[in-house]
Participant: 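Let me begin by handing over the structure; questions about it come next.
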Amino acid sequence: MKIATDQDRLTRELETLAEFTDAPAPAVTRVVYSETDLRARQYVKSLCVEAGLAVREDAVGNTFARWDGIEPDLPAIGTGSHIDAIPHAGRYDGTVGVLGGLEAIRALQRSGARPRRSIELLIFTSEEPTRFGIGCFGSRLLAGTLDESAGARLRDRDGRTLNEWRGTAGFDGNLAGARLPAGYYAAFVELHIEQGPLLERAGIPLGVVTAIAAPASWRIWLEGEGGHAGALLMPQRRDAFCAAAEVVLAVEQAARGTGAADTVGTVGVCDVFPGAVNSVPSRVRLELDVRDTDAGRRDAVLATIDRACEAVAVRRGVAVRKEIVNADPPAQCDARTVEALSRAAATHGLAFQKMVSRAYHDSLFMSRIAPTAMLFIPCRDGVSHRLDEYSSPEAIAQGALVLAEAVRELAG
Ligand SMILES: [Zn+2]
């Protein structure tokens, strides 16, 4: 049976969802558990109920909207993404996978055939790290990589805990209970904008993701000795910023040194103390992000950086200390799910390219508990996390259509 997506309706719903924002339009600011986030959730849930889906929420507000299959006891097929948005973001990151996923389910409903497995739309809580400093805490909980202690440990800038926030938002219950049982999903597929320029440049409407890169991030402190910029002579200096500069260049060299296009290393934060023009820097804090699709290669880069830090410390007489903020393993996507997406694109005569996701997504964590893959659509100039983020209604509808086709096959 032929399936078709309702492009006008999907476009309208994305527009409506974008109206739930704490920034002036067209920018979207929707931080988890804000009033605006809660109202946006209500809107999406009302659409799910309208589509006849059974809605439930867990202890942090991860939202599940299920269309029961003929054999509802079988593991379900999941699809979904997030609706939270960083300050002054656009309207497509995450939302395309949520409303596109919903439209995929409605398209299957309209086709008249009921699937064997249930199909479930999943709206993850807080993909973005804006409030609690950690990305994907909703999916981390589902995958069991965060435990009960996160409720008191994760805090916003004002010291307010996750437990306080979720309580105010109306979500309670045991955090550990949010973990999904093994075999809950037979497959999980996330539709998302590419957030990079490759598809648009190649003129290809779809990307089938085969691997998701994961960041490892470190904080590095360098401690030397400060003093008067005029009085402290060069032979006596232990300048923490000069040492930090060597570390930064070592990061670049280590990331380039693998020769692999997928290895990237960035130092995006550098705080210099005391930060005065006439004072020798005594202390520097760096924040480092290294990503790769290959965990071994990424960890080898980190080891090279670690050795460089030690060498700089000895050579310049500074103390170097590091803290591992996170080191999530990258994920390979599930081959069967990748093939289902590829076949679905071919069925509808749409070209696709297999590609790597360089940003990480909730799917990175879902891949630990379910066979997972992602489907990308192009976004203009590769721009994301900006108010001028844009994907065309046609591109979004095509993504939802191929998602529907793949989910239909996976649901049997
Ligand atoms: Zn996203």
Side-chain angles (χ1 to χ4, degrees), residues 10 13-14 17-18 20-21 23 27-32 34 36-37 40-41 44 60-63 78-102 104 121-143 188-200 206-209 211-215 289 291 326 328 330-331 333 355-367 372-391 395-396 399-400 403:
L10 180 51
E13 289 173 349
L14 279 162
L17 184 52
F20 296 93
T21 170
V28 176
T29 298
R30 203 160 46 227
V31 180
V32 65
S34 62
T36 305
D37 173 48
R41 286 163 181 265
V44 175
V60 294
N62 286 316
T63 303
T79 186
S81 195
H82 61 99
I83 64 164
D84 66 321
I86 65 164
H88 301 279
R91 62 168 61 164
Y92 302 96
D93 175 5
T95 55
V96 159
V98 171
L99 293 175
L102 175 60
L121 180 69
L122 176 43
I123 303 143
F124 296 101
T125 284
S126 198
E127 193 268 347
E128 305 291 0
T130 316
R131 186 162 321 272
F132 298 108
I134 180 173
C136 298
F137 82 70
S139 51
R140 285 177 198 267
L141 275 171
L142 297 177
F188 185 85
V189 185
E190 181 173 4
L191 171 66
H192 206 281
I193 60 170
E194 182 196 345
Q195 302 183 289
L198 301 181
L199 290 174
E200 185 185 57
L206 295 165
V208 175
V209 175
I212 306 170
D289 176 307
R291 301 182 190 214
N326 64 57
D328 299 308
C333 292
M355 62 195 303
V356 160
S357 172
R358 282 160 215 288
Y360 72 100
H361 301 277
D362 292 300
S363 285
L364 179 65
F365 300 96
M366 293 308 287
S367 72
T372 296
M374 296 186 73
L375 181 64
F376 279 175
I377 58 165
C379 55
R380 189 174 58 200
D381 298 330
V383 163
S384 182
H385 282 190
R386 274 175 29 186
L387 59 86
D388 54 340
E389 180 181 273
Y390 178 77
S391 281
I396 295 167
L403 175 66

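Note that ligands are numbered from 1 as they come in the structure, with each ligand's atoms numbered from 1 the same way.
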Participant: Hey, does the side chain of Glu200 reach the backbone of Asp381 with a donor-acceptor pair shorter than 3.5 angstrom?
Facilitator: yes
Participant: Using modelled atom types only, decide if a donor and an acceptor are shared between the side chain of Thr125 and the backbone of Asn62 within a distance under 3.5 Å.
Facilitator: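 At least one qualifying donor-acceptor pair exists.
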Participant: Test your reading of the model: is there a side-chain donor-acceptor pair from Arg380 to the backbone of Asp388, 3.5 Å cut-off?
Facilitator: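 Such a contact is found between Arg380 side chain and Asp388 backbone.
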Participant: What's within reach of the Zn ion (ligand 1), meaning protein N/O/S atoms under 2.8 Å?
Facilitator: His82 NE2, Asp93 OD1, His192 NE2
Participant: When Leu122 is tested against each of His82, Met366, Glu190 for side-chain contact (heavy atoms from CB on, under 4.5 Å), which residue passes?
Facilitator: Met366
Participant: Under the rule for ring-ring contact (aromatic ring centres under 6.0 Å, His included), what residues qualify as partners of Phe124, not counting sequence neighbours?
Facilitator: Phe188
Participant: Can you check whether Leu121's main-chain N or O pairs, donor with acceptor, with Thr79's side chain at less than 3.5 Å?
Facilitator: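 No; zero donor-acceptor contacts below 3.5 Å.
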